[in-house]
Amino acid sequence: MKRSILTFLLAAICASASFAATTRFIPDRSKISATVRDQSAYKALTDRFASGQKLSAPEIATVYYGTALQPAFNPNQSYPDIARTYAAGDYATALSLIWSALAKDPANLYLLFTGYGSAASLGNQEAASLLQNRLLQVCDLIFSTGTGVSQDSPYLVVRPSDIDEFLIKYIQPKKINGRAKIGNLDACRVDIEGIDNDVIMYFSAFN
């Protein structure tokens, strides 16, 4: 997985602007909003995602970006009980709390990655595989929304914490050298394996 990500990043860095324009997946906000308003349709979709089904790009976009359109959505939502129990090595309790949180926040990358780590640490391969399936669908979607290396083609996320989860655990740079806010974009300067110079990666919020 990491090797294919690096290959695409190298291509994106070297390619013309037309490459970015032709390869991006642009979420259809109007269709996502329509599905979110139909709560039964949205729940059916999130139930399929939770069961481990492979969704199409528009479907996983509806699950993930639809999160930001929920009335109670808080982009800065944190889970201190999960963070505390996971840091303490109490993976069974952490995983139990994560399943409960995922029922309301099914595409949260912090929950999915931490749940995967908890399940793997417990040797629960079934849960680990299911959570890995879900987190990769979300990360693959984010990766498809832009080249990430141009202000005109940022990666699209729904919450600030998703930047770190996606960047550190999915892109896996050798080092993060700095961060800055450029207009409405978040910019991260990173060392990428196989690339001599620093790369600036851009993120935009779906709102």
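Counting from 1, the numbers follow the sequence of the chain as shown.
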Under 4.5 Å between any side-chain heavy atoms of [X] and [Y], yes or no?
X	Y	value
T145	I26	no
N177	V190	no
I176	R189	no
R37	L69	no
Y64	F206	no
D140	Y170	yes

From [atom1] ([X]) to [atom2] ([Y]), nearest 0.5 Å:
X	Y	atom1	atom2	result
E59	L141	CD	CG	12.0 Å
L97	I82	CG	CD1	5.5 Å
D162	L109	CG	CG	4.5 Å
L156	F143	CG	CZ	14.5 Å
R29	T62	CZ	OG1	12.0 Å
I192	N197	CD1	CG	12.5 Å

What closest approach, in Å, do [X] and [Y] show between heavy atoms, and which atom pair accounts for it?
X	Y	value
F203	C188	CE1-SG, 4.3 Å
P173	L167	CD-O, 3.0 Å
V138	F49	CG2-CZ, 3.8 Å
F25	A61	CE2-CB, 3.7 Å
P154	Q151	CD-O, 3.6 Å
P27	I32	CB-CD1, 3.9 Å

Side chain of [X], backbone of [Y]: donor and acceptor closer than 3.5 Å?
X	Y	value
Y65	D28	no
S153	V149	no
T35	Y42	no

I'd like a table of donor-acceptor pairs (distance under 3.5 Å, sequence neighbours excluded) in which one partner is a side-chain atom from residues 111-121, with atom names and distances.
{"residue": "T114", "atom": "OG1", "partner": "Y110", "partner atom": "O", "Å": "2.7"}
{"residue": "S118", "atom": "OG", "partner": "T114", "partner atom": "O", "Å": "2.9"}
{"residue": "S121", "atom": "OG", "partner": "G117", "partner atom": "O", "Å": "2.8"}

### Query
Is the cationic atom of R84 (NZ for Lys, CZ for Arg) positioned less than 6.0 Å from the six-membered ring centroid of Y79 and within 45 degrees of its normal?
no

### Task
Go through I171 and M201 one step at a time and tell me if the side-chain contact (heavy atoms from CB on, under 4.5 Å) criterion holds.
CA-CA 10 Å; I171 300 295; M201 310 197 80; 4.3 Å; yes

### Message
Going by side chain to side chain donor-acceptor pair (under 3.5 Å), name the pairs with one or both residues in residues 125-136, residues two or more places apart or in two chains.
### Response
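Residue pairs with at least one partner in residues 125-136: N133-Q137.
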
### Pairs where residues 85-102 contributes a residue and the test side chain to side chain donor-acceptor pair (under 3.5 Å) is met, not counting sequence neighbours
D90-T93

### Task
Determine whether the side chains of N76 and S78 contain a donor N or O and an acceptor N or O closer than 3.5 Å.
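No, because no side-chain N or O of N76 sits under 3.5 Å from a partner of the opposite role on S78.
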
### Task
Determine, stepwise, if the pair V157 / S204 fulfils side-chain contact (heavy atoms from CB on, under 4.5 Å).
CA-CA 6 Å; V157 297; S204 179; over 6 Å; no

### Query
When clusters are formed from ILVMFWY side-chain contacts under 4.5 Å, directly or step by step, what else is grouped with I182?
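Other cluster members: L185, I200, Y202.
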
### Query
Under the salt bridge (charged side-chain N to carboxylate O under 4.0 Å, His left out) test, which residues partner K43, sequence neighbours left out?
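Per chain and number, K43 pairs via salt bridge (charged side-chain N to carboxylate O under 4.0 Å, His left out) with D47.
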
### Task
Not counting sequence neighbours, which residues clear salt bridge (charged side-chain N to carboxylate O under 4.0 Å, His left out) with K175? List them please.
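Not a single residue meets the salt bridge (charged side-chain N to carboxylate O under 4.0 Å, His left out) criterion with K175.
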
### Query
Ion pair present between R179 and D186, side-chain N to carboxylate O less than 4.0 angstrom?
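Looking at D186 together with R179, the answer is no, because their closest N to O distance does not fall below 4.0 Å.
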
#### Entry: Steps toward side-chain contact (heavy atoms from CB on, under 4.5 Å) verdict (L131, L102)
CA-CA 10 Å; L131 289 162; L102 282 171; 3.7 Å; yes

